[in-house]
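All remarks here apply to the structure that follows.
Quick note: residue numbers are just sequence positions, from 1. Keep in mind that the numbers below use all heavy atoms, side chains included, and drop hydrogens, waters and symmetry copies. All values reported here derive from a predicted model rather than from experimental measurement.
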Amino acid sequence: LDFFLLVWYFILEVISMQSKAHREASKKYSAKAYERLTVDVKKGERDRLKAYAGSQGLSLNSFVCSCVSYCVASGIDVSAVPALTDSLPD
């Protein structure tokens, strides 16, 4: 029994080390490939946006990036558009 516990512990340690190495590699790649953009919304709006994005089959990040990219590519004057959160369904 002790042998099996020792082997199991070793396996868990190896998996943990691989997971840590994978996390570090992912973090390093993300730092090189992406920039962070922080968006502030009123309390409760994040959940509402996330639910709406989910209903469209998107993550919140993908939804926001898609909306911004669409507006820029289409040359939409967003100053004339009502706030997105005002037009989302409940």
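Residues passing the side-chain contact (heavy atoms from CB on, under 4.5 Å) test with Val72 are Val68, sequence neighbours excluded. For the side-chain contact (heavy atoms from CB on, under 4.5 Å) test, residues two or more places apart in sequence or in another chain that qualify with Ser74 are Tyr70, Ile76. Contacts of Leu12 classified as side-chain contact (heavy atoms from CB on, under 4.5 Å), with partners at least two apart in sequence or in another chain: Trp8.
The list of side-chain hydrogen bond (donor to acceptor under 3.5 Å, both in side chains) pairs with a residue in residues 34-44, not counting sequence neighbours, is empty.
When atom types are taken as modelled, the side chain of Ser55 and the backbone of Tyr52 share a donor-acceptor pair closer than 3.5 angstrom.
Comment: Glu45 engages Arg48 in a salt bridge, judged by a side-chain N to carboxylate O separation of less than 4.0 angstrom.
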Only pairs under 3.5 Å count here: list side-chain donor-acceptor contacts from residues 58-66, not counting sequence neighbours, and write none if there are none.
{"residue": "Ser59", "atom": "OG", "partner": "Ser62", "partner atom": "N", "Å": "3.0"}
{"residue": "Ser59", "atom": "OG", "partner": "Ser62", "partner atom": "OG", "Å": "3.1"}
{"residue": "Ser66", "atom": "OG", "partner": "Ser62", "partner atom": "O", "Å": "2.8"}

